[in-house]
Number of protein chains: 4
Amino acid sequence: MARPRDDDKKRAILIAAIRLFADEGLGASTASIARAANVADGTLFRYFPTKDHLLNELYSELKLSLRARLAPVSHDTSLREQLRSAWDVYIDWGFTEPAAHQVTARLSVSTRISARTRADAAEAFSDVNSRLKAAVANGPLRRHPTAFAGALFAAMADTTLAFIIDTPAERETLTADGFAAFWSAIGRGNSNVEMPRNSQQEKDCIS
Amino acid sequence: MARPRDDDKKRAILIAAIRLFADEGLGASTASIARAANVADGTLFRYFPTKDHLLNELYSELKLSLRARLAPVSHDTSLREQLRSAWDVYIDWGFTEPAAHQVTARLSVSTRISARTRADAAEAFSDVNSRLKAAVANGPLRRHPTAFAGALFAAMADTTLAFIIDTPAERETLTADGFAAFWSAIGRGNSNVEMPRNSQQEKDCIS
Amino acid sequence: MARPRDDDKKRAILIAAIRLFADEGLGASTASIARAANVADGTLFRYFPTKDHLLNELYSELKLSLRARLAPVSHDTSLREQLRSAWDVYIDWGFTEPAAHQVTARLSVSTRISARTRADAAEAFSDVNSRLKAAVANGPLRRHPTAFAGALFAAMADTTLAFIIDTPAERETLTADGFAAFWSAIGRGNSNVEMPRNSQQEKDCIS
Amino acid sequence: MARPRDDDKKRAILIAAIRLFADEGLGASTASIARAANVADGTLFRYFPTKDHLLNELYSELKLSLRARLAPVSHDTSLREQLRSAWDVYIDWGFTEPAAHQVTARLSVSTRISARTRADAAEAFSDVNSRLKAAVANGPLRRHPTAFAGALFAAMADTTLAFIIDTPAERETLTADGFAAFWSAIGRGNSNVEMPRNSQQEKDCIS
DNA sequence: AATGAATGAGCCTTCATTCAT
DNA sequence: AATGAATGAAGGCTCATTCAT
């Protein structure tokens with residue numbers, strides 16, 4: 001299939017798909033998506049040869065859009081601050097685009113997303129992983145792949161998000177406390193890093 | 001008297017449904033499930049008037065089967081040991097019955113499980129929640145509903161499970177370290193309980 | 001099939017069938033009829049080997065129940081009075097048992113009632129027909145089979161009934177005027193019979 | 001531009017439906033209709049979203065096709081001639097298109113035709129009704145809604161038709177005598193019009 | 001004889017995909 | 001390239017009928 005040029009159309013389809021998959025589940029028909037995108041039934045298939053292609057591409061797109069929000073790795077801030085920033089970005093994404101977040105969750109557990117697609121998406125987060133790698137170094141997870149900490153990050157952020165959506169008034173405290181929980185989870189030694197007071201206390205003791 | 005209603009048949013359908021939903025997603029056809037259960041197409045509908053009923057009942061059943069594995073609350077053991085036991089049970093359930101676990105995960109995010117079904121299932125875990133409530137009391141999550149800690153428990157155990165299934169050789173370490181992460185996540189004061197060294201340090205300071 | 005003896009049960013099924021066929025059309029399921037008759041699904045088929053048998057037997061039964069209401073032919077009353085009586089009976093039947101009447105109408109146009117059943121039912125009205133035969137003798141229908149007048153009788157009574165059910169307050173006038181229309185329809189000379197005034201008028205003229 | 005919507009196809013489906021509903025009753029499957037119309041199963045549902053829609057539209061179509069045969073109201077002919085013409089048209093319709101007529105009869109008593117559809121169809125015959133209104137003015141039906149005479153017209157024509165189909169050789173006499181019966185049924189004064197002898201008799205009296 | 005569980009053909013409808021225009 | 005009509009496989013569900021108890 002000669003790659004059709006109208007990129008807006010593709011975008012429209014993807015956006016419509018998010019809304020419909022969020023509202024009706026992944027079973028939403030291609031026809032309904034096409035209609036919502038103001039596009040003919042058949043046109044959808046010029047951009048996505050198959051519904052599975054649409055699903056996979058949407059998954060990638062969604063992951064990428066999240067990824068795009070993440071600040072580039074900076075060396076001016078502490079590890080904790082960098083991860084906290086990523087955490088906030090993630091929460092914010094899920095909060096401001098609940099449909100996107102929900103569809104991502106559904107696609108994540110779907111049979112129809114290929115291993116390849118998953119792997120590609122994971123790779124996009126490699127730099128976040130490198131931060132995690134450092135953060136995990138002294139903690140109880142140090143002997144396991146960094147991806148473990150990464151998965152924990154996502155799982156805990158998702159959980160936090162679900163409660164924020166349920167109780168928006170608690171957004172700030174949930175975000176902060178959720179991150180605190182995550183930070184505690186992955187590192188022991190890290191706590192020292194973030195709390196120089198401890199060493200100070202020790203000093204105090206000494207004195 | 002007519003042929004008595006065969007309860008094994010219902011069981012067979014449920015079991016077949018687990019396998020097929022795990023293999024093909026929740027879209028697996030009722031016909032394929034019936035076939036796998038060695039039952040006629042129509043028979044399935046004598047036990048579950050609707051596919052949605054099957055889905056909901058399966059969800060309840062799965063949650064209950066997990067719940068049944070959990071030891072009753074004991075007062076002889078520490079909070080940490082009790083939660084660790086629940087953690088191990090959860091991991092073991094997911095490891096020995098991966099299909100059941102995966103289907104539970106899919107049902108959990110499905111549109112087709114009613115709020116009622118979810119609520120009923122949640123209620124079955126109320127005693128685990130009471131343990132969590134105590135565990136959370138001094139931690140950073142203390143100001144949030146206990147359900148938050150509960151959700152974190154499940155999310156982190158699921159994540160751990162995924163890595164165990166990927167690397168069965170690391171089952172024991174992953175289980176232990178995953179739990180350590182969880183335990184750290186929910187409690188600050190708790191860590192004192194498991195790490196008397198801290199108080200010793202304090203003593204040292206004093207001296 | 002050894003004829004089962006419990007005749008009440010058969011009756012119950014037939015009665016339930018009338019209600020359900022009236023409420024839901026002839027598509028009402030045998031199971032729903034059995035339930036309404038307080039009888040097991042399979043029991044129905046001991047009395048009626050087939051749904052078509054039930055349909056046909058119900059048709060016969062309904063026609064017979066109507067027939068049973070008709071007064072036996074009397075020689076004390078005029079032709080007009082006899083037919084008027086039959087007319088009233090028919091209207092009354094339809095009015096007091098609308099379900100029975102409606103189901104009869106539906107069965108009458110159904111593919112599933114055999115020619116044999118129809119013929120048998122028609123035969124039951126042979127004596128009414130003999131009355132009609134006489135009434136028709138001098139009218140415009142005299143050259144056609146009496147069944148024609150009979151069919152007209154039923155068709156016109158049904159029509160009248162429909163309007164009575166719609167406007168019960170007009171029951172009496174509709175009944176009378178409907179019959180007047182019928183009587184006019186089938187006979188010319190008959191009108192003399194019902195209006196002795198005419199001859200009187202003639203006499204008056206003479207005088 | 002996509003393939004234009006083929007209106008012949010809709011027509012073909014409607015025609016096939018008439019045949020099949022006539023042959024097998026309204027229970028004939030949409031699949032069999034589609035096949036008979038040389039159209040794919042799914043195509044039928046592009047034209048009729050539901051079997052009920054098909055049923056209702058068919059009913060309207062059938063009534064309209066009958067209506068189309070009726071001559072426009074003329075003022076050159078007597079009331080009797082106008083109604084006789086309508087009668088003949090009706091009979092002819094039923095005789096030349098027995099399937100259409102039969103299906104109309106079945107649809108008329110079906111639960112699946114909406115009140116709306118019925119009302120719309122009835123309205124199409126308003127001008128016939130206005131003729132009937134005049135014809136009824138002096139007869140025994142004068143105190144009832146014109147629709148009563150209209151229903152009688154249809155009922156009596158249907159009955160006549162049934163006998164014509166049974167004995168085609170008598171078509172002409174049945175048509176004429178059936179109408180005579182109808183004409184007598186609805187009007188008393190009308191009979192004067194067709195039988196000047198009466199007034200002559202009166203004159204005779206006077207003399 | 002009565003029961004009601006079991007059956008499987010069949011029904012209406014949906015939908016991803018193709019293809020004539 | 002875009003359209004949307006057409007397709008037919010498949011899905012969920014119903015139901016008359018059979019048959020073990």
Side-chain angles (χ1 to χ4, degrees), chain A residues 1-6 9 27-35 38-55, chain B residues 1-7 9-10 27-35 38-55, chain C residues 1-6 9 27-35 38-55, chain D residues 1-7 9-10 27-35 37-54:
Chain A
M1 37 131 206
R3 184 62 58 87
R5 73 197 54 152
D6 191 344
K9 219 155 264 184
S29 72
T30 54
S32 69
I33 293 168
R35 195 180 323 119
N38 264 318
V39 148
D41 286 21
T43 302
L44 186 150
F45 290 91
R46 299 197 62 76
Y47 293 90
F48 307 96
T50 270
K51 191 181 184 183
D52 274 14
H53 281 82
L54 168 59
L55 254 14
Chain B
M1 276 302 132
R3 206 175 325 181
R5 199 176 181 112
D6 192 347
D7 227 34
K9 214 154 272 182
K10 186 169 190 173
S29 75
T30 54
S32 70
I33 293 168
R35 196 179 323 118
N38 260 318
V39 147
D41 286 19
T43 301
L44 185 148
F45 292 93
R46 289 191 63 77
Y47 293 91
F48 307 96
T50 271
K51 191 180 184 183
D52 274 15
H53 280 84
L54 169 58
L55 254 13
Chain C
M1 31 124 211
R3 182 63 56 86
R5 72 198 54 153
D6 190 345
K9 218 155 264 182
S29 74
T30 54
S32 70
I33 293 168
R35 197 181 320 120
N38 263 318
V39 147
D41 286 20
T43 303
L44 186 149
F45 290 91
R46 298 196 62 75
Y47 294 89
F48 307 96
T50 270
K51 191 181 184 182
D52 274 14
H53 281 83
L54 168 58
L55 255 13
Chain D
M1 277 298 133
R3 208 176 323 182
R5 198 178 183 109
D6 191 348
D7 226 34
K9 215 153 270 182
K10 186 169 190 174
S29 73
T30 53
S32 69
I33 293 169
R35 197 179 321 118
N38 261 317
V39 147
D41 286 20
T43 302
L44 186 149
F45 291 93
R46 289 191 64 76
Y47 293 91
F48 308 96
T50 271
K51 190 181 184 182
D52 273 15
H53 280 82
L54 169 58

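As a basis for the values below, the full set of heavy atoms in this structure was taken, side chains included, without hydrogen atoms, waters or symmetry mates. Here is the naming used below: chain letters follow the sequence lines, and residue numbers restart at 1 for every chain.
- Backbone-only engagement by C/Ser29 is indicated by non-hydrogen atom pairs under 4.0 Å involving sugar-phosphate atoms exclusively.
- For C/Thr30 and F/dA16, the shortest distance from a side-chain N or O to OP1 or OP2 is below 4.0 Å.
- Closest-nucleotide positions on DNA chain E for D/Pro49 and C/Gly42 were compared, and the one nearer the 5' end corresponds to C/Gly42.
- The distance from atom CD1 of C/Ile33 to atom CZ of C/Arg35, rounded to the nearest 0.5 Å, is 10.5 Å.
- Picking from F/dA9, F/dA6, F/dT3 the nucleotide with the shortest atom distance to the side chain of D/Arg46 gives F/dA6.
- We find the CG-CG distance between A/Leu44 and A/Leu54 to be 6.0 Å, quoted to the nearest 0.5 Å.
- Atom-to-atom, CG of A/Leu54 to P of E/dA16 comes out at 10 Å; the value is rounded to the nearest Å.
- To the nearest 0.5 angstrom, A/Asn38 atom CG is 11.0 Å from A/Thr43 atom OG1.
- D/Tyr47 is not listed as a side-chain neighbour of D/His53, based on a closest heavy-atom distance of 4.5 Å or more.
- Nucleotide F/dT7 holds its C1' atom 15 Å from the CZ atom of D/Arg35, rounded to whole Å.
- Checked against F/dG12, E/dG8, F/dG4, the side chain of B/Asp41 finds its nearest nucleotide in E/dG8.
- Taking the nucleotide of DNA chain E with the nearest heavy atom to each of D/Phe48 and A/Lys51, the more 5' of the two is matched to D/Phe48.
- One atom, NZ of B/Lys10, and another, C1' of E/dG4, lie 17 Å apart when rounded to the nearest Å.
- Under the Watson-Crick and G-U wobble criteria, each requiring two contacts below 3.5 Å, nucleotide F/dG12 is paired to E/dC11.
- Using a 4.0 Å cut-off, some side-chain N or O of D/Thr50 falls inside it from OP1 or OP2 of E/dT13.
- Going from atom CG of C/Leu44 over to atom P of E/dT3 covers 11 Å, rounded to whole Å.
- Residue-to-nucleotide proximity on DNA chain F shows that, of A/Lys9 and D/Thr43, the 5′-proximal contact is made by A/Lys9.
- For D/Asn38 and B/Phe45, each mapped to the nucleotide of DNA chain F holding its nearest heavy atom, the one lying further toward the 5' end belongs to D/Asn38.
- With a cut-off of 3.5 Å on both pairing distances, the Watson-Crick or G-U wobble partner of E/dA6 is F/dT17.
- Considering every non-hydrogen atom in both D/Ala34 and D/Ala40, the closest pair reads CB-O, 3.8 Å.
- Residue A/Tyr47 places none of its side-chain N or O atoms closer than 4.0 Å to OP1 or OP2 of F/dA1.
- When rounded to the nearest whole Å, the span between CD1 of C/Ile33 and P of F/dT14 equals 17 Å.
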